[in-house]
Amino acid sequence: MLLTPVTGQIAYSLLYSIAKGDVFGKDQPIILVLLDITPMLPVLDGVVMELQDCALPLLREVIPTDKVEVGFKDLDAAILVGSMPRKEGMERKDLLKANVAIFKTQGEALEKYAKKTVKVLVVGNPANTNCLIASKSAPSIPKENFSCLTRLDHNRARSQVAIRVGVPSDSVKNVIIWGNHSSTQYPDVHHAIVNNHGKEMSGFDAVNDESWLKGDFITTVQQRGAAVIKARKLSSAMSAAKAICDHMRDIWFGTPDGEWVSMGIYSTGNSYGVPDDLMYSFPVMIKNKTWKVVDGLSINDFSRGKMDGTAAELVEERDTALTFLGA
């Protein structure tokens, strides 16, 4: 399994969980490939020492490298955490241009060196469009093998409902994140189910506050990342690492019967009127390492507007990014 880059906060928070078997199973030996830029190799050596010092029985080998031909060779799974962050005064198109270069390179490396069955998770923002660029740069790997992280948003939505109702988070299921992993995302509770102290009911009935669910709840989830940065002076790391583990574990082992999760996936011929050729977050069920969009959910006018709004942002991002792809 590949993780790149390795020396950031998220990756550092993630490594222990992967290496001890929380993602791929308690009986699955793991070879960790850690890819980073050349100046970070001394830091990478320190990460390797720590992994060795954990004495984890499933961790058979750790391969630190700055070479893509080593990093991407024969991969079963790749988690692409890093991207160019937006800097002060940077225009969005400049941010997209920088990230197209990064994810084009990584996509080409996947195409050249990885197994065609590799499962690729893109975390670095703008995650949806970065994921699309990586997939387009690896044409022989099925688009279905690429996904981007909206599980953190899904977990945030689930937790907010649970706190509001006064139940554990695992008593809330089937929230949905539609669209982009950005402030236009739409956290949707219309189909959520809450086990409210032994009684199963809809999310709206359990919360019993429609104005909150259509107002502050949505903005809280949309802007949670910014709120964490404002409070910590650092971006979400622990919660992002947990969401990555949840996402990859569900790909490997599937979702529980009757439950779905949110995942940014390739949009093609869906039943919700979402434009094709986007990486858009849908509710999915997973079995045998294959996702399937949950079809047939009723969409009211409020939801339709929110879903269309986040799709429009993704179309604009995609169209801008594609102008740089052939450059």
Side-chain angles (χ1 to χ4, degrees), residues 17 21-26 28 119 121 144-145 147-179 181 185-210 212-214 217-218 221 239 242-274 279-300 302-304 306-307 310:
S17 293
D22 288 352
V23 176
F24 301 108
K26 301 294 185 182
Q28 175 62 60
K119 301 295 186 183
L121 170 58
E144 295 75 22
N145 289 22
S147 56
C148 70
L149 190 74
T150 57
R151 185 59 171 270
L152 177 53
D153 309 302
H154 181 100
N155 288 349
R156 286 165 171 165
R158 192 179 186 185
S159 179
Q160 286 298 310
V161 171
I163 292 167
R164 191 78 173 187
V165 178
V167 297
S169 60
D170 64 356
S171 294
V172 180
K173 64 182 183 181
N174 295 354
V175 299
I176 302 169
I177 303 297
W178 299 99
H181 175 62
Q185 66 175 261
Y186 172 41
D188 180 7
V189 185
H190 284 93
H191 306 280
I193 297 169
V194 177
N195 185 325
N196 192 357
H197 306 288
K199 185 180 180 185
E200 206 164 80
M201 57 179 63
S202 74
F204 268 74
D205 287 344
V207 171
N208 196 28
D209 188 342
E210 185 171 347
W212 180 78
L213 283 170
K214 289 187 171 181
F217 163 73
I218 291 174
V221 177
S239 56
K242 163 66 164 52
I244 292 166
C245 289
D246 291 345
H247 180 114
M248 292 302 282
R249 185 175 57 250
D250 283 344
I251 288 178
W252 244 252
F253 295 106
T255 49
D257 288 344
E259 291 190 34
W260 61 67
V261 294
S262 302
M263 187 180 288
I265 55 168
Y266 190 65
S267 173
T268 176
N270 64 87
S271 65
Y272 295 109
V274 174
M279 289 289 177
Y280 188 100
S281 183
F282 287 96
V284 299
M285 291 180 174
I286 306 168
K287 191 174 183 179
N288 299 324
K289 297 185 183 174
T290 302
W291 54 258
K292 185 178 185 300
V293 173
V294 178
D295 280 325
L297 299 175
S298 59
I299 305 296
N300 62 23
F302 178 84
S303 294
R304 180 81 269 155
K306 298 286 188 186
M307 291 164 67
T310 191

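Quick caveat: nothing in here was measured; it's all calculated off a predicted structure.
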Problem set entry | Distance (rounded to the nearest 0.5 Å) between Y280 OH and M307 CE | 4.5 Å
Seminar exercise, completed: When rounded to the nearest 0.5 Å, the distance separating CG of L152 from NE2 of H154 is 11.0 Å
Exercise. Just by distance, with hydrogens left out, do Q185 and D153 show a side-chain donor and acceptor under 3.5 Å apart?
Worked result: yes
For this session: Evaluate salt bridge (Lys or Arg N to Asp or Glu O under 4.0 Å) for D250 paired with R151, printing each intermediate quantity in order.
Result: CA-CA 11 Å; D250 283 344; R151 185 59 171 270; 2.7 Å; yes
Exercise. Between OH of Y266 and SG of C148, what distance do you get to the nearest 0.5 Å?
Worked result: 13.5 Å
Problem set entry | Closest contact, heavy atoms only, I286 versus W291 | CG1-CB, 4.0 Å
For this session: Report yes or no: does D205 contribute a side-chain atom to a donor-acceptor pair with the main-chain N or O of N208 at less than 3.5 Å?
Result: no
Problem set entry | L213 versus G203, closest heavy-atom pair with distance | CD1-O, 4.3 Å
Exercise. What do you reckon, is NZ of K199 surrounded by more than 12 foreign heavy atoms closer than 6.0 Å?
Worked result: no
Problem set entry | NE2 on H197 to OG on S171, rounded to 0.5 Å | 8.0 Å
For this session: Before giving the answer on ring pair (Phe, Tyr, Trp, His ring centres under 6.0 Å), spell out for W178 and Y272 the whole-Å C-alpha distance, their side-chain angles and the decisive distance to 0.1 Å.
Result: CA-CA 11 Å; W178 299 99; Y272 295 109; 5.0 Å; yes
Exercise. Among I218, I177, I176, whose side chain to side chain contact (heavy atoms under 4.5 Å, CB included) with D188 holds?
Worked result: I176
Seminar exercise, completed: Looking only at heavy atoms, the pair that brings P283 and L297 closest together is CG-CD1, 4.1 Å
Problem set entry | Min side-chain heavy-atom separation K292-D295 under 4.5 Å | yes
Exercise. Could you give the distance from CG (L149) to CG (D246), rounded to the nearest 0.5 Å?
Worked result: 9.0 Å
Exercise. Hey, is the main chain of H247 close enough, under 3.5 Å, to the side chain of W252 for a donor-acceptor pair?
Worked result: no
For this session: Measure across I251 and M263 and return the closest heavy-atom pair with its distance rounded to 0.1 Å.
Result: CG1-CE, 4.0 Å
Problem set entry | For the student: nearest non-hydrogen atoms of S281 and S262, plus distance | OG-CB, 3.8 Å
For this session: Please state whether the rings of Y186 and F302 are parallel, tilted or perpendicular, taking 30° and 60° as the class boundaries.
Result: perpendicular
Exercise. Measuring from H191:NE2 to F204:CZ, what's the distance to the nearest 0.5 Å?
Worked result: 9.5 Å
